Protein chains: 2
Amino acid sequence: MVPVDDDALAAGWHELMGRYQRLTCALDRELQAGHGLSASEFEVLQQLSHAPDHSLRMSELAESAHVSQSALSRLVSRLEVDGLLQRSACTQDRRSLFVELTALGVTRYDEARPTQRRVLREDTQQAGGCLQRE
Amino acid sequence: MVPVDDDALAAGWHELMGRYQRLTCALDRELQAGHGLSASEFEVLQQLSHAPDHSLRMSELAESAHVSQSALSRLVSRLEVDGLLQRSACTQDRRSLFVELTALGVTRYDEARPTQRRVLREDTQQAGGCLQRE
DNA sequence: AAACATTAGATGCACACTCATGTGTTAGGG
DNA sequence: CCCTAACACATGAGTGTGCATCTAATGTTT
């Protein structure tokens with residue numbers, strides 16, 4: 001077991017916090033201005049767009065989009081009002097709900113994706129950001 | 001210039017989000033339960049404790065703790081009520097305020113630090129977490 | 001010196017989040 | 001079967017945050 005220096009760990013965490021704050025802030029600003037989406041909302045659309053049939057259970061979606069259960073419930077409500085996705089019952093387990101991207105949701109995601117990618121790229125270049133895997 | 005794959009960038013960002021959410025959640029839970037501090041509040045105490053005279057200007061503190069100006073203003077108000085720190089005027093520039101850790105604040109930070117380090121260590125081990133620098 | 005621009009910090013407001021709990025559904029004993 | 005536990009999601013209450021704006025102090029221009 002490699003001995004891990006606590007202070008190095010704290011420094012790493014501090015750096016992670018910084019990068020996260022900076023990126024979240026930039027993404028929120030640009031996605032909101034350009035497409036009326038928050039970073040979390042974009043992330044939800046992204047996970048759905050990568051799912052088979054553009055559809056996932058709420059619980060699966062919460063897991064894969066790194067959003068809490070209650071936050072997802074409200075977030076999905078908002079996006080459903082906007083017409084970007086829709087909930088539908090799950091006949092196998094009536095406790096579950098499926099969330100499915102609408103055509104409008106697909107379009108909105110496709111429009112927003114270049115913006116998100118651009119922000120990520122800009123930050124990575126400017127900050128020597130270590131987003132890519134080693 | 002190395003060509004950067006947009007999808008790899010997005011994957012890296014997704015991973016960063018996950019690690020941040022997981023750690024923030026764990027830190028908030030444990031620090032709150034054990035010491036009545038949020039992760040942000042702990043971070044502020046930490047920056048102050050590493051500063052000369054345990055004292056920083058609000059603007060410096062906001063920068064180094066990765067907290068927005070308005071969030072810091074309220075956060076400092078809370079911690080001041082709790083007696084962990086105190087604001088004091090800056091005679092050179094009366095727009096600025098100094099924030100200084102009180103004895104109680106130092107104590108509280110020293111108590112909380114092992115908890116924070118433990119959470120970081122546990123997460124790093126469990127998730128192969130890449131917190132340490134390369 | 002007067003007028004204007006800039007900066008530091010506080011605050012009203014709207015909003016998203018967390019926590020705890022409620023409702024309805026499914027699964028597992030006794 | 002019935003009763004209880006576990007689960008999926010929704011929701012009310014409380015709280016922290018961001019944005020825009022305000023006040024006060026400083027810097028700059030003419």
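Below, all heavy atoms of this structure are taken into account, side chains as well, without hydrogens, waters or symmetry copies. Each chain gets a letter, A, B and so on, in the order its sequence line appears, and its residues count up from 1. Please read these numbers as outputs of a predicted model, since none were measured by experiment.
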- prompt: Can you check whether B:S73's main-chain N or O pairs, donor with acceptor, with B:S77's side chain at less than 3.5 Å?
  reply: yes
query: When rounded to the nearest 0.5 angstrom, what distance separates CD in B:E41 from NE2 in B:H35?
result: 13.5 Å
task: Begin with the C-alpha distance, continue with both residues' side-chain angles, and end with the deciding distance and a verdict on side-chain contact (heavy atoms from CB on, under 4.5 Å) for A:Q47 and A:E60.
output: CA-CA 10 Å; A:Q47 293 307 312; A:E60 298 169 327; over 6 Å; no
message: Testing B:R19, B:R118, B:R22 one by one against B:D123 for a side-chain hydrogen bond (donor to acceptor under 3.5 Å, both in side chains), which residue passes?
response: B:R22
field: DNA chain D contacts made by residues 50-74 of chain A, counting heavy atoms under 4.0 Å
entry: A:M58, A:S59, A:Q69, A:S70, A:S73, A:R74
query: Of all of residues 88-95 of chain B, which get a heavy atom below 4.0 angstrom from DNA chain D, listed by number?
result: B:D93, B:R94, B:R95
query: Step by step, would you call A:L79 with A:L45 a side-chain contact (heavy atoms from CB on, under 4.5 Å)?
result: CA-CA 9 Å; A:L79 295 187; A:L45 294 186; 4.0 Å; yes
message: Applying a 4.0 Å non-hydrogen cut-off, can you work out what A:R29 is touching in the nucleic acid: base, sugar-phosphate, or nothing?
response: nothing
message: Closest-nucleotide mapping onto DNA chain D: is A:R87 or A:Q21 further toward the 5' terminus? I mean the 5' end.
response: A:R87
message: Could you check whether any side-chain N or O of A:D28 sits under 3.5 Å from a backbone N or O of A:S38, counting only pairs where one atom can act as donor and the other as acceptor?
response: no
- prompt: Do the ring planes of B:Y20 and A:Y20 sit parallel (below 30°), tilted (30 to 60°) or perpendicular (above 60°)?
  reply: parallel
- prompt: If you walk 5' to 3' along DNA chain C, what is the first nucleotide with an atom under 4.0 Å of a heavy atom in chain A, and what is the last?
  reply: C:dA16 to C:dT26
- request: Starting at atom CZ of B:R78, determine the distance to atom P of D:dT15, rounded to an integer number of angstrom.
  value: 11 Å
field: Expected output: side-chain A:H14 to main-chain B:H66 donor-acceptor under 3.5 Å
entry: no
Check: B:R87 main-chain N/O paired with B:E80 side-chain donor or acceptor under 3.5 Å: yes
query: At what distance, to the nearest 0.5 angstrom, does CG of B:D5 lie from CZ of A:R117?
result: 9.0 Å
